[in-house]
Amino acid sequence: MTFVEPFAIILFMNKVKVGVIGTGYLGSIHAKVYKEIPDCSLEAICDTDRKTLDSISRELGVLGYSDYRQLYGKVDAVSIATPTRMHFKVAADFLNNKIHALVEKPFTPTLEEADSLIKIAADNGLILQVGHIERFNSAFNATKKIIKDPKFIECHRLSSFPNRSLDVGVVLDIMIHDIDIILGLVNSPVAKMESVGVNILTHFEDIANARLTFKNGCVANLTASRVSDETMRKIRIFQENTYISLDYKNAQALVYRKGFLKITKESLPIEKEQPLKKELESFIGCVRENKEPIVSGRVAREALKCALEIQNQIWQKNSS
């Protein structure tokens, strides 16, 4: 007979008690999705904006607090959807109080803060996940098994001006999603980086392009804009005898293959699912089963490192 720790039995039998810190646009969606997940119970939300807090609290029928420290002892895990500059402080406080944490992207503003959170989580045996949602997109998951040794990758991530997440530039705001995906697909160190970007409506870069050359020869071209007329989230992957086109926004995947004197086209069957719900379900599953998340703090650190290098290269060029 296998021996199971009593705590593990209790956690398995009971729902994971969850809190959401930050109830702005993204945090409010986290809270609503948690209400739909059978394995967890949304116990509380927190925000310093009392009007927003009261509105979401009434809508969801959960307790609302203006001080996140009031959640200690009331929850097993939290989603942290505060402004980026607050990620480290809030996450560190919860981890130090033995509470599992999902931190929205970008992980932290600095690598030093990321490293510190990774260590705190490891020292306390806690789950630390970072919100790179495209890992849970059904279009990506439908094709990742056929992506092998890519030679060239092209990404376009365009959106209108968000009026949120304006404490960071477009690289840390939205390009980081594609950086995370590309690093996972290529699995080779970056040998060369060329980046350009301009600020349009904020003090940070609002449009950016980066060209990454990897040691294994793969080249990735990434374009991100948060001042576009259209919304686009696409990635194109070229490998030997195969071209794969993914549309994250519309959950579509096309595969073109070289045959004998012709090219075949295949539309992959995709079960359209809500990526955020899959992400949060995965987080709850990791907490219940004590397993490493798909996007752990360690994995997210690599995407953050690359994003910060791109951002800093842009800033240095623009200040010279």
Side-chain angles (χ1 to χ4, degrees), residues 16 18 20 22 25-40 42 77-81 87 91 100-107 127-147 150 153 155-157 159 165 172-187 222 224 231-237 244-255 268-304 306-307:
V16 177
V18 180
V20 175
Y25 173 77
L26 190 53
S28 64
I29 299 176
H30 274 240
K32 292 171 185 176
V33 171
Y34 277 128
K35 292 282 285 186
E36 301 173 0
I37 299 175
D39 288 342
C40 74
L42 180 65
V78 291
S79 271
I80 298 170
H87 282 184
H100 307 279
L102 185 154
V103 182
E104 260 304 337
K105 63 79 201 167
F107 189 8
I127 301 301
L128 174 61
Q129 182 171 323
V130 180
H132 286 284
I133 195 170
E134 299 296 21
R135 294 287 192 115
F136 300 89
N137 189 291
S138 53
F140 173 69
N141 287 318
T143 58
K144 65 181 182 181
K145 291 182 180 180
I146 62 175
I147 299 172
I153 302 174
C155 301
H156 285 90
R157 189 169 292 262
S159 67
S165 299
L172 287 180
D173 183 14
I174 62 175
M175 183 185 282
I176 196 167
H177 284 299
D178 294 316
I179 293 170
D180 171 60
I181 292 293
I182 289 171
L183 292 181
L185 293 177
V186 178
N187 195 28
L222 301 86
T231 299
M232 180 186 295
R233 288 157 49 208
K234 291 185 176 180
I235 180 171
R236 300 174 179 88
I237 301 160
I244 302 161
S245 176
L246 302 182
D247 185 333
Y248 293 116
K249 178 175 177 288
N250 298 308
Q252 296 176 345
L254 298 174
V255 180
L268 296 182
I270 295 173
E271 183 178 351
K272 294 189 177 182
E273 299 173 296
Q274 186 181 359
L276 181 60
K277 187 173 184 180
K278 289 174 66 72
E279 180 182 62
L280 299 187
E281 285 175 336
S282 180
F283 174 55
I284 296 301
C286 290
V287 170
R288 289 172 67 88
E289 301 169 29
N290 192 31
K291 65 180 183 180
E292 185 173 7
I294 293 173
V295 187
S296 64
R298 177 184 53 79
V299 170
R301 182 198 187 278
E302 295 308 306
L304 177 64
C306 185

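Sequence positions, counted from 1, serve as the residue numbers for this chain.
Expressed to the nearest 0.5 Å, how far CD of E302 lies from CG of D180 amounts to 10.5 Å. The CZ atom of F283 sits 11.0 Å away from the CZ atom of F136 when rounded to the nearest 0.5 Å. If you take CZ on R236 and CD1 on I244, they are separated by 13.0 Å, rounding to the nearest 0.5 Å. To the nearest 0.5 Å, atom CG of residue L172 and atom CG of residue L304 are 6.5 Å apart. Atom NZ of residue K105 and atom CD1 of residue I174 lie 7.5 Å apart, to the nearest 0.5 angstrom. Between atom CG of residue N137 and atom NZ of residue K144 there is a gap of 11.0 Å, rounded to the nearest 0.5 Å.
Using a 4.5 Å heavy-atom cutoff, the side chains of N141 and E273 are not in contact. Side-chain contact check for D39 versus V16: every heavy-atom pair is 4.5 Å or farther apart. Here the side chains of I235 and F140 are not in contact, with every heavy-atom distance at 4.5 Å or above. Residues I181 and Y248 meet the side-chain proximity criterion, which asks for heavy atoms closer than 4.5 Å. The side-chain heavy atoms of I176 and F107, taken from C-beta on, include no pair separated by under 4.5 Å. At least one side-chain heavy atom of R157 sits less than 4.5 Å from a side-chain heavy atom of E134. Within the 4.5 Å cutoff, no side-chain heavy atoms of R233 are placed close to those of H177. Here the side chains of K32 and I29 are not in contact, with every heavy-atom distance at 4.5 Å or above.
The minimum heavy-atom distance linking I80 with A91 is given by the pair CD1-CA, 3.4 Å. Across every non-hydrogen atom of P293 and Q129, the tightest pair is CB-OE1, 3.5 Å. Across A253 and A139, no two heavy atoms sit closer than the pair CB-O, 4.3 Å. Scanning all heavy atoms of the two residues, the minimum distance from I179 to A303 falls at CG2-O, 3.8 Å. Scanning both residues, A81 and G27, for their nearest heavy atoms gives CB-CA, 3.7 Å. Heavy atoms only, all atoms of each residue included: V33 and K277 are closest at CG1-CA, 3.6 Å.
Every residue two or more places apart in sequence or in another chain that forms a side chain to side chain contact (heavy atoms under 4.5 Å, CB included) with S28 is listed here: I56. L26 is linked by a side chain to side chain contact (heavy atoms under 4.5 Å, CB included) to H30, E104, counting only residues two or more places apart in sequence or in another chain.
H132 places no side-chain N or O within donor-acceptor distance of the main-chain N or O of A300, the cut-off being under 3.5 Å.
Annotation for N187: atom CG does not count as buried by contact number, only 12 or fewer foreign heavy atoms lying within 6.0 Å.
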